[in-house]
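Structure first, commentary second.
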Amino acid sequence: MKKDGMKILAGNWKMNTTPEEGIALLEGLSNSLTKDTVGEVKVVIAPPTIHLIPMVEKLWENSEIAIAAQNCHYEDSGAFTGEISAKMLLHSEVDAVILGHSERREYYNETDELVALKVKAALKNHLIPIVCVGENLKQRKAGTFLDNTWSQLNIALSGLSSEELNDIVVAYEPIWAIGTGEVATPEQAQEMHCFLRKMLSEKFGNSDLPIIYGGSCKPSNADEIFAQPDVNGGLIGGASLNADDFTSLVKKLNNS
Ligand code: PGA
């Protein structure tokens, strides 16, 4: 069940916005996401890597918005051309990191085992990992989606203690709903969130972590999803690129 401090709305900007556009969007968000609007929601935005430092600096005076990276490497440093380490993010005052997003799994061959290494690196560097899991359409149609999704999460969190789970956010994102306009029904989201919570309780003895939903979530469909007892918020792609839509989602979650 939803608890105090367990409402999270995260915006995943993906590979969108030039530096100018990014700052303009951030300013729009910063103006509308006041203490009153945000209420009990923890707001996170994950801009492209190149915007992280300017945005952290810009937000210095606005404690209502936390900043996340969209990925990180599991080593602190080394010969890994093009990569960014969790340690670098920590030292750049970044708060969280999205890990195992389905686009990274699909286009960059990230495996569950690699995601597990990244989760450990993030925790070691005091970043909150937002761990993404979710089935594809074939698995949904085959009726194996619960087991497929739990298997991803079980491996991603392997070796962690019950206590370490307190610093994790899980994002359930059915792949067939990401960027497709096709959203999971509130019942489908609730079924998965409730199942993952039960499995987390059995395996780790901890089911108190936030589980947020992602996949074509927008102001027109968010109320019913956020109303589900095991849905703690959303990981928002497309609708996070519009300050009005994202602000409306924050308000809806706060009122849920
Ligand atoms: P979407 O993306 O809201 O555009 O479907 C969600 C995500 O990929 O995190």
Side-chain angles (χ1 to χ4, degrees), residues 7-17 21-22 25 29 41-49 51-52 65-72 94-110 115 118-119 122 127-137 139-140 145 148-149 152-153 156 168-186 188-189 192-193 196 210-226 228 231-253 256:
K7 291 184 178 180
I8 298 178
L9 197 78
N12 176 9
W13 292 8
K14 308 192 181 183
M15 197 177 74
N16 292 299
T17 67
E21 290 164 349
L25 178 53
L29 290 170
V41 177
K42 290 202 167 78
V43 178
V44 184
I45 58 172
T49 312
H51 304 348
L52 288 172
I65 303 175
I67 293 283
Q70 298 175 13
N71 180 33
C72 72
V94 169
D95 306 290
V97 58
I98 297 174
L99 294 174
H101 190 280
S102 62
E103 286 150 16
R104 299 234 32 109
R105 293 173 188 264
E106 185 180 346
Y107 306 135
Y108 307 101
N109 304 318
E110 289 201 7
V115 176
K118 294 182 176 202
V119 169
L127 300 166
I128 301 280
I130 302 173
V131 182
C132 302
V133 292
E135 81 282 0
N136 60 32
L137 190 56
Q139 293 165 334
R140 168 66 51 182
F145 53 93
N148 296 131
T149 303
Q152 285 183 321
L153 188 58
I168 302 268
V169 175
V170 174
Y172 167 55
E173 299 205 304
I175 296 170
W176 46 270
I178 296 178
T180 58
E182 191 173 340
V183 65
T185 64
Q188 286 171 329
M192 180 64 80
H193 286 224
L196 294 178
I211 306 180
I212 59 179
Y213 168 82
S216 298
C217 187
K218 46 184 183 282
S220 58
N221 59 31
D223 283 325
E224 282 184 296
I225 293 176
F226 292 164
Q228 300 305 309
V231 175
N232 296 100
L235 178 55
I236 315 298
S240 73
L241 294 171
N242 178 298
D244 291 342
D245 284 351
F246 195 70
T247 302
S248 156
L249 287 167
V250 171
K251 288 183 186 159
K252 285 173 183 290
L253 182 58
S256 69

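Read the numbers this way: they start at 1 and go in the same order the structure lists the ligands and their atoms.
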Would you check if L137 and I175 make a side-chain contact, meaning some heavy-atom pair closer than 4.5 Å?
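No, side chains not in contact.
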Step-by-step side chain to side chain contact (heavy atoms under 4.5 Å, CB included) determination, D95 to V44:
CA-CA 9 Å; D95 306 290; V44 184; over 6 Å; no
Under 4.0 Å to a heavy atom of [X] - the qualifying atoms of ligand 1, by number:
X: K14; answer: 2 (O), 7 (C), 8 (O)
X: G179; answer: 1 (P), 4 (O), 5 (O)
X: H101; answer: 7 (C), 8 (O), 9 (O)
X: G215; answer: 5 (O)
X: N12; answer: 9 (O)
X: E173; answer: 6 (C), 7 (C), 8 (O), 9 (O)
X: L235; answer: 6 (C), 9 (O)
X: A177; answer: 5 (O)

With a 3.5 Å distance limit and no angle check, can you tell me whether [X] reaches the backbone of [Y] through a side-chain donor-acceptor pair?
X: Q70; Y: A46; value: yes
X: N221; Y: K218; value: yes
X: N232; Y: I211; value: yes

Using 30° and 60° as the class boundaries, would you call the ring planes of Y172 and H193 parallel, tilted or perpendicular?
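Perpendicular, since the angle between the ring planes exceeds 60°.
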Checking side chain to side chain contact (heavy atoms under 4.5 Å, CB included) for the pair W13/L25: CA distance, chi angles, key distance, verdict?
CA-CA 10 Å; W13 292 8; L25 178 53; 3.4 Å; yes
Give me the nearest non-hydrogen protein atom to atom 4 (O) of ligand 1 as residue plus atom name, then the distance to 0.1 Å.
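The answer is G238 N, 2.8 Å.
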Protein contact of atom 3 (O) of ligand 1 - nearest heavy atom, named by residue and atom, plus distance
G237 N, 2.9 Å
Mind checking whether G214 has a heavy atom under 4.0 Å from ligand 1?
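No; G214 lies far enough from ligand 1 that no heavy-atom distance drops under 4.0 Å.
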Could you walk me through whether K118 and V115 pass the side chain to side chain contact (heavy atoms under 4.5 Å, CB included) check?
CA-CA 5 Å; K118 294 182 176 202; V115 176; 5.5 Å; no
Using a 3.5 Å cut-off on N or O atoms only, is T180 in polar contact with ligand 1?
no
